[in-house]
There are 2 protein chains.
Amino acid sequence: MTGKLRISDVAKHAGVSPATVSRVMNGNPKVDPGLVARVQAAAEELGYTASPLARSLALGKTQTITVLVPDLGNPTFQGVLRTLSRSAAADGYHVLVADSAEVAADEASLAVDARRRTDGIVLVAPRMADDELDALLPRLAPAVLVNRPPHESAPVVAADYAGGLRELIEHLHDLGHRHILFLAGVPGSASNARRLAAIAGARADHPDLVLDEAACGTGFADGAAAVDAVRGSGATAVLAYNDLVAMGLLSALHDAGIAVPADVSVTGFDGIPFAPYTTPPLTTAAVPTDRMGERAWAAMRALLDGDDAPSPEVFAPVLAVRGSTAPPRA
Amino acid sequence: MTGKLRISDVAKHAGVSPATVSRVMNGNPKVDPGLVARVQAAAEELGYTASPLARSLALGKTQTITVLVPDLGNPTFQGVLRTLSRSAAADGYHVLVADSAEVAADEASLAVDARRRTDGIVLVAPRMADDELDALLPRLAPAVLVNRPPHESAPVVAADYAGGLRELIEHLHDLGHRHILFLAGVPGSASNARRLAAIAGARADHPDLVLDEAACGTGFADGAAAVDAVRGSGATAVLAYNDLVAMGLLSALHDAGIAVPADVSVTGFDGIPFAPYTTPPLTTAAVPTDRMGERAWAAMRALLDGDDAPSPEVFAPVLAVRGSTAPPRA
DNA sequence: ATGAAAGCGCTAACAC
DNA sequence: GTGTTAGCGCTTTCAT
């Protein structure tokens, strides 16, 4: 009853031309009501649905967009992808996902390739360098950037990392901490650079604060491995690069018999779903991935509709104070 | 330099017919080497790449498959999706994702719709009832099922939930526990039913074991909310529906001043990346989502290549014993 | 209002 | 070997 029927089959069955069937299927108003009914009945009876492929070719639109992420396993990207996907679906669009597996060198070709089979692309936290991105964007338009600094050739939806870090530092400072250790991410990365800049800014704001940095990484294991650096630093509070690092550290500190927050306070960054459930619950700066995914889709939708490119949207992370931070030991 | 060139542009530029360009682009062996070079040079110079859309229509293949998941935010599905996506990409295939947002009633139409624009579909832990699935599968072929019991009309890649649960129970029994509480998932769901069956089986195996059940759920909050049920049960060990529930419970137990594993042992299920980093680290049955994603792709690939449908692959979860379980208090 | 025909861009059968 | 032609299935002028 189903399967490989073409529009001409329906046309024959209804005794009309393929053009009329097409018009009916697309709700073209100027078709005789009688024919509309006949055609709809025929389509219904045969179980016909237009081939999306053929429509795409004829229309030059696929009703699909690409979302390129550095790692489908990263909770932060998942949050964005999830909402983006649902928002797009609500508007009748489909989502093609591409995972660069954190290999910056592959991003460009993956993006170009995927973009060609879709109507637009959302680049989530692309790892490539600025100049490469600049050169690439024109070839990808319409494109939307998530978590990259405002850019002229594409709408941007980003979290204010510097602001979030600042809030976290302010929080620790208010609690009385005067010696904080920042566990940095991947050395050359853009996001790490931005956070380091924020750290530098905080140092300027608080002359009474000792703000150390230690190389670390971005995953659980990196956080766990930082336990010695933390112990040796003499800091009373640790600003982990993200929640994953914080969780790894929390776990290692527990094993080492170092109490949190009694002996040392720990903060994360991102506000992943697990943060409230660590022991102790993690104080973090929650990045609103849901709203970001939704806004990224809105921006893409605007581009697709030929509207003006939306201006950059920067979201302030929300400070979530939980049990992992407290005043330093007197 | 790029953009809307058609195959005829290249043909003209190289002084050959479109057919020849097509042959060259597809590496057809019987083309004069001289022409091959000329065409390649022309394509290169113009920056030409064949339109995937037009190719798809002509070939009847899109080089894309659909992966339908109940929730893009669920760590278990993410694991499968991630590996599946990378495996497919390694074979030159693209992945379209669809998220049913846990609404079983929407799965069928989402699947049919997405399937029409791709070459096949992988249904990850579909929530729909068996009879609905039976009726749907023929319309979706080629299709692969992940985490559903072996089925005749589609290859299946699944985790052995009953086996995993059995191992967990065996582990607790060996430790000396004789009163265990199982925190069940969503009442009507297929996966919950399977686990309940495994629980029943374990009761038969161990007449000396009291195995209680309590309604719970599948998320953090559900686990946290179960703390009273746990306390009131008198059980010395808790078998949480999954790792999320276990984490929620661990957190709530900690807040309630109930020590794990001293006062009560807790186990999870799934082996999500966070499991080793909870406090205490979570004993769980680790489902090999990586291998499952890879095998799901292999099965799909076989179907796509017209090979025989692979037989069901059931993966035994790996017992990961960590700090959340210990002998009961004497 | 409806149908005939051209075209979206490519591939494959069929001739030469 | 290479070009010509006919689709793949739909939409959309352009006539009528």
Side-chain angles (χ1 to χ4, degrees), chain A residues 2-43 46-64 92 94 112-113 115-119, chain B residues 2-43 46-64 92 94 112-113 115-119:
Chain A
T2 178
K4 330 227 102 297
L5 335 115
R6 302 167 308 119
I7 197 170
S8 60
D9 295 322
V10 181
K12 227 159 283 172
H13 197 76
V16 299
S17 78
T20 297
V21 176
S22 173
R23 292 194 253 263
V24 172
M25 298 300 291
N26 294 304
N28 187 318
K30 45 188 175 186
V31 184
D32 184 291
L35 282 195
V36 172
R38 252 194 15 239
V39 170
Q40 285 177 333
L46 265 31
Y48 170 81
T49 325
S51 153
L53 226 53
R55 282 195 102 237
S56 294
L57 183 59
L59 258 19
K61 290 163 179 299
T62 63
Q63 291 284 107
T64 303
H94 294 257
V112 170
D113 182 27
R115 168 64 180 83
R116 289 217 63 197
R117 37 187 85 232
T118 57
D119 299 340
Chain B
T2 176
K4 330 231 101 289
L5 330 116
R6 303 169 309 120
I7 198 171
S8 61
D9 295 323
V10 181
K12 229 159 281 174
H13 198 74
V16 299
S17 79
T20 297
V21 176
S22 173
R23 294 190 177 95
V24 172
M25 298 301 290
N26 294 306
N28 185 318
K30 47 188 175 186
V31 182
D32 184 289
L35 281 196
V36 172
R38 256 206 354 252
V39 171
Q40 286 178 334
L46 266 28
Y48 170 80
T49 323
S51 154
L53 226 53
R55 282 195 101 237
S56 295
L57 182 59
L59 294 176
K61 291 163 180 298
T62 62
Q63 291 283 111
T64 303
H94 295 258
V112 170
D113 182 28
R115 168 63 181 84
R116 290 217 63 196
R117 37 187 84 233
T118 58
D119 300 340

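All values reported here derive from a predicted model rather than from experimental measurement. Chain letters run A, B, ... following the sequence lines, proteins first, then strands; residues in each count from 1. For the numbers below, each heavy atom of this structure counts, side chains included, while hydrogens, waters and symmetry mates do not.
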Where [X] and [Y] come nearest, the two heavy atoms and their spacing:
X       : Y       : result
B:Ala14 : B:Ala42 : CB-CB, 3.8 Å
A:Thr20 : A:Val39 : CG2-CG2, 4.4 Å
B:Asp9  : B:Lys4  : OD2-O, 4.2 Å
B:Met25 : B:Ala43 : SD-CB, 4.3 Å
A:Gly15 : A:Arg38 : O-NH2, 3.6 Å

**Item:** Length of the line joining A:Lys12:NZ and C:dA4:P, which is rounded to integer Å
**Value:** 12 Å
**Request:** Report the distance from atom CZ of B:Arg117 to atom P of D:dG9, rounded to the nearest whole Å.
**Result:** 16 Å
**Item:** Stretch residues 13-29 of chain A: residues that reach within less than 4.0 Å of DNA chain C through a heavy atom
**Value:** A:Val16, A:Ser17, A:Ala19, A:Thr20, A:Arg23
**Complete:** Between its two end axes (five pairs each) the helix from C:dA1-D:dT16 to C:dC16-D:dG1 turns, nearest 10 degrees, through 50°
To the nearest 0.5 angstrom, please state how far the [atom1] atom of [X] sits from the [atom2] atom of [Y].
X       : Y       : atom1 : atom2 : result
A:Tyr48 : A:His13 : OH    : NE2   : 14.0 Å
A:Arg23 : A:Lys30 : CZ    : NZ    : 8.0 Å
B:Lys12 : B:Ile7  : NZ    : CD1   : 12.0 Å

**Message:** Using the side-chain hydrogen bond (donor to acceptor under 3.5 Å, both in side chains) criterion, which residues pair with B:Thr64? Sequence neighbours excluded.
**Reply:** none
Exercise answer: donor-acceptor pairs, residues 52-61 of chain B side-chain atoms, under 3.5 Å, sequence neighbours excluded:
from	atom 1	to	atom 2	distance (Å)
B:Arg55	NH2	B:Asn26	OD1	2.6
B:Ser56	OG	B:Pro52	O	2.7
B:Ser56	OG	B:Lys61	O	3.2

**Request:** Could you tell me whether the side chain of A:His94 reaches within less than 4.5 Å of the side chain of B:Asp113, counting heavy atoms only?
**Result:** yes
Polar pairs (N or O, both sides) under 3.5 Å between protein and nucleotides 7-9 of chain C?
from	atom 1	to	atom 2	distance (Å)
C:dG9	N2	B:Ala54	O	3.4

**Prompt:** Hey, mind stepping through B:Thr62 and B:Arg117 against side chain to side chain contact (heavy atoms under 4.5 Å, CB included) and telling me if it holds?
**Reply:** CA-CA 8 Å; B:Thr62 62; B:Arg117 37 187 84 233; over 6 Å; no
**Prompt:** Does the pair A:Val10 and A:Leu5 meet the rule for a side chain to side chain contact (heavy atoms under 4.5 Å, CB included), with working shown?
**Reply:** CA-CA 8 Å; A:Val10 181; A:Leu5 335 115; 5.6 Å; no
**Message:** At a heavy-atom distance below 4.0 Å, what parts of residues 34-42 of chain B sit against DNA chain D?
**Reply:** B:Leu35
